[in-house]
Amino acid sequence: MGELPYTRDIVGVKKCITEALIDILSGEVDISPERIRRLFEEQRIKITKTPDPKFGDIGIPLHPILYMGHIDRSRWVEIGSRIVEKITGREHIDKCYISRAEFVNGYLNIWIDYKRLLEKLVENILLGKLDEMLRSIGRGVKVIVEHTSANPVHPLHIGSGRNAVIGSIYANLLRRLGYDVSERFYVDDMGRQVAIMIYGYKILRENNVKPRRDVKIDHWFGAVYALTNILIEKRKLLRKLNLLEEEFTAKLNELKDRVRKIYGESGDPHTIQLLTILENLEAKKEFIHRYDEELARLRNIFEKLHDKKGLAEYVSEIIGYINKYNGLIKELSTYTSSENKLAIQFPEIYNVLSREIKDPDRAERGIDELIHGYEYGDRDISELFREATSMVLEGFKETLKNINIWFEGYDWESDRRILEYTRMVVEKASKLPYTIIDGRAVIVDLDKAAEEHEYIRLIFGGDKPGRVVLRRSDGTTLYVTRDIAYSIYKFLDLGADKVYNVIAHEQDREQKQVRAILYLLGYRDIAENLIHFQYEMVHLKGRSMSGRRGIYYTLDELFRDYVKTIILDYLDTQLRLGRRKFNYDELRDTASKLAVTNIRVLLSSIDPKKVLVFEPDKLREYLYGSWITYTFVRLQGILRRYLGIEPLDEIVELKTRILNVYHSIGDDVELSVEERNILEKLTDYGEVLITSADYMEPNKLVEYMNELGMMLNRFYEKHPVIGEKRESLRYLRIVIVTLSLLILHDLFNILKLPIIKKI
RNA sequence: GGGCCCGUAGCCUAGCCUGGAUAGGGCGCCGGCCUGCGGAGCCGGAGAUCCGGGGUUCGAAUCCCCGCGGGCCCGCCA
């Protein structure tokens, strides 16, 4: 990608003008043609759209040339008018679709001949030249886009949704550009989180608790995971609290003794205050709650005692304890509040787990055993893991299918081949000169490796590469180890030439470490062609998400909320317009499709590298998807009525008939601003696809779609199409509508938005 | 402490890589247009210290430096 700069300019206007200007300018200014050509190629001089139609359609700032050629400002007008004269000469006018030119303040402004532009667009879109050009870009190169890859321990939430949508759109965009794309989901079933869920699930099974039918399977397992985790963490916290309390009591007593000893019966009011508070604290420690008030009082007294001997130290220690204590209590409360919610929703899970999980150490040991057993192929344990994670995955598939996402393949971390590669990675890495072997643990010191390899320094930039543990002391491997193995698998076994990993920005370092180690292991091609497609998180306003605590806004929920919002919103506007009768089933069906569109558009419309802040309560403000669908439907309606065919069902027929319409346009038409804008926009289409792929910015597609949509709304609000009396104008508008529809249709396909014919 | 990313109207966002004319949209707000290819629309209006300060340049939202604010990462977690 990126190597065909001029194919982006599908109409060729820019190229043509560039060539003409190189010729003309080198004749006017004392700069060699080669140098001017370089200025264009390096984009020091850019051919851009003008900010206002009164400046023409295309503007070229010639200032760099004028300054470089030492042309005094007083002579600009004279030189400018000669440039204008030359560029509007016969040959250029014809070749470059120029209709007129002007020189203003160092800018060369050019007016485009839109009838010629239309001719080119017809050729590109109706006769398939654009298609041919786009398909030739990828030339069948094999690309893997790995995305979503959520831990199978809770339902997909809105963050996973962003990943999934971005990944699926990007994959589809690459397909459109002629790449041979495989979308893959990496099932991370060997991590600690899964083992925690399995630990809980195993207990439930032993107590005959089975997944409930009335709850979607991944949501049920989400509760199992969260409750198991919460119970273990809570018990650990309680233990910490107890320990802290003991130390705290000891310290309190020490301080009390000391106070009595120093001040005895002196009757100093601060001392009495202090003793009172200390006694109160001692009594209170049996009750679990926070000591905010006491903390403030102690600080106060502490200040007054400041200069008195020996006490300051004690008091500040006490304050330290209280701070620590408050912190723990706060943490505990976040667990207990979700625990309570889950206990009400899933009593069958809660009752068993809260009874069975008492000793956190035992639980940790059990989890470690599960991890070990799974990695070393214990049959019963493996079956349990597979059974549970497969069920969760079924839940994922259902959610994803709903929003038009599916995969060429699911690659299990526990796959035999990947595990073989994992062992090989550990083995090979053990022999590296930068590797530290500590018992069974294998640790690669990338800091040291970076000293000797420039490649690694380049990967990390100013960051410290750090040490990477590939195998724990207990002999099990880590996520990063399997990730390295999976990367090898993608290239060697799946035959990828290039791999895009759509993975959150927060994993940037891990991804760099993977590449660095691949490089050290001798897989330089793999390291080079493994691309981290970063995207940022989704933040919910006013809510925080935590899978560990079972708090999340799921994709399933988002879908339901959209359906509701769309229907209610629609009813609102229709009622205002006086309609009174509606068909619920039809409405629901349409709303479901629009929900898909809105979800996909919402999650892909923002630059992936920006944090997406989202307010579930204000869904009605995120309805771009509905809006563009209406425009799309309207275009179809016009053509359906005019041609008497279902336009998108009979595209070949549509194209041939519109070609005839095009040839019937007379010479007498003048294009309006709205029409010219649309043609210009359509001209950009190919370039938008390519740059959006190059820079990994699927949001550019959505943006383009919105802009085209807005232009179309303005256009047919102002100009009748079928109702236009003048024949040539009517034909022209029909052609514009068709070209726009075909481009929108193409975009809907790339973005995988449901194709709706009528609403 | 080190690294990556972000900062543009009340809110969201484009433009930044590759400097160029009046910073483009959307939501919300105010005012108009409701029967004519499906009005989830159209037209008009108010609303911006482009986070701050320096520098480079004929020209800076854009490039460089120094700050400030926010997110994320620096685990024998994933």
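Note on naming: letters A, B, ... go to the chains in the order of the sequence lines (proteins, then strands), and numbering restarts at 1 for each one. All figures in this text were calculated on a predicted structure; none of them were measured in a lab.
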Please report, rounded to the nearest Å, how far the [atom2] atom of [N] is from the [atom1] atom of [X].
X        : N     : atom1 : atom2 : value
A:Asn598 : B:A40 : CG    : C1'   : 11 Å
A:Ile722 : B:G38 : CD1   : P     : 7 Å
A:Asp508 : B:C6  : CG    : P     : 12 Å

Please list, chain by chain and in numerical order, all residues satisfying side-chain hydrogen bond (donor to acceptor under 3.5 Å, both in side chains) with A:Arg588, sequence neighbours excluded. none
Has A:Tyr630 got its ring stacked on B:G41, by the test of a centre gap below 5.5 Å and a plane angle below 30°? no
Can A:His539 be classed as stacking with the base of B:G71, given a centroid separation cut-off of 5.5 Å and a plane angle cut-off of 30°? no
May I ask you to evaluate whether A:Lys610 reaches the phosphate of B:G7, defined as a side-chain N or O under 4.0 Å from OP1 or OP2? yes
Does A:Asn713 have a side-chain nitrogen or oxygen under 4.0 Å from the phosphate oxygens OP1 or OP2 of B:C42? yes
Position toward the 5' end of RNA chain B (nearest nucleotide), A:Lys609 or A:Val633: A:Lys609
For A:Glu536 and for A:Met710, find the nucleotide of RNA chain B with the closest heavy atom, then tell me which residue's nucleotide is more 5'. A:Met710
Nucleotide nearest A:Pro61 when distance is taken to its side chain, options B:A14, B:G20, B:C77: B:G20
What contact category does A:His719 fall into here, base, sugar-phosphate, or nothing, at under 4.0 angstrom with non-hydrogen atoms? base
Would you call the rings of A:His719 and A:Phe715 parallel, tilted or perpendicular if under 30° counts as parallel and over 60° as perpendicular? tilted
Base B:C5 to side chain A:His505, donor-acceptor N/O within 3.5 Å cut-off: no
Using a distance-only test with no angle check, is there a side-chain donor-acceptor pair under 3.5 angstrom linking A:Asp411 and A:Tyr486? yes
